[in-house]
> 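Let me begin by handing over the structure; questions about it come next.
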Amino acid sequence: RKHREQKKKPKTTPNETLAALEQRIAQAEEKKIALERRIAHAFERRDQRDGRSAAKQLEHTKALIDGLYEKWLAGSS
């Protein structure tokens, strides 16, 4: 077997890491807002399929946000 070279990630400073987390949090928060609007509009149109789909995506997005905030808190202390 040939040894595969692993790509090394460039080292980042803690500030760069926090900035990247903050950017990901902001993007996820925007997605959350968009999904909440989509759910409201779907149920106004009585499109339960789209509403349920968006609600499922919203739950995943909320979990992502919670995880990102946990990482951010751990990195900022």
> Within a strict 4.5 Å, meaning less than it, do heavy atoms of the Ile65 and Tyr69 side chains meet?
yes
> Among residues at least two apart in sequence or on other chains, which ones pass side chain to side chain contact (heavy atoms under 4.5 Å, CB included) with Lys71?
Leu21
> Tell me whether Ile39 shares a hydrophobic cluster with Leu64, the cluster being built from Ile, Leu, Val, Met, Phe, Trp, Tyr side chains joined at under 4.5 Å.
no
> So, taking the atom named CD1 in Ile33 and the one named CZ in Arg38, what distance separates them when rounded to the nearest 0.5 Å?
15.5 Å
> Just wondering, do Gln27 and Lys31 contact through their side chains at under 4.5 Å, heavy atoms?
no
> To the nearest 0.5 Å, what is the distance between NZ on Lys32 and CD1 on Ile25?
12.5 Å
> Under the side chain to side chain contact (heavy atoms under 4.5 Å, CB included) test, which residues partner His41, sequence neighbours left out?
Arg37, Glu44, Arg45
> To the closest 0.5 Å, what do you measure between CG (Leu73) and CD (Glu70)?
8.0 Å
> Is any side-chain heavy atom of Arg49 closer than 4.5 Å to one of Ser53?
no
> Grab the two heavy atoms, one from Arg52 and one from Phe43, that are nearest each other, plus how far apart they are.
N-CZ, 4.3 Å
> Which heavy-atom pair separates Ala54 from Leu35 by the least distance, and what is that distance?
O-CD2, 4.1 Å
> Any chance CZ of Arg24 has more than 12 other-residue heavy atoms, nucleotides or ligands included, within less than 6.0 Å?
no
> Kindly give the heavy-atom pair with the smallest separation between Asp47 and Asp50, and that separation in Å.
OD1-N, 3.1 Å
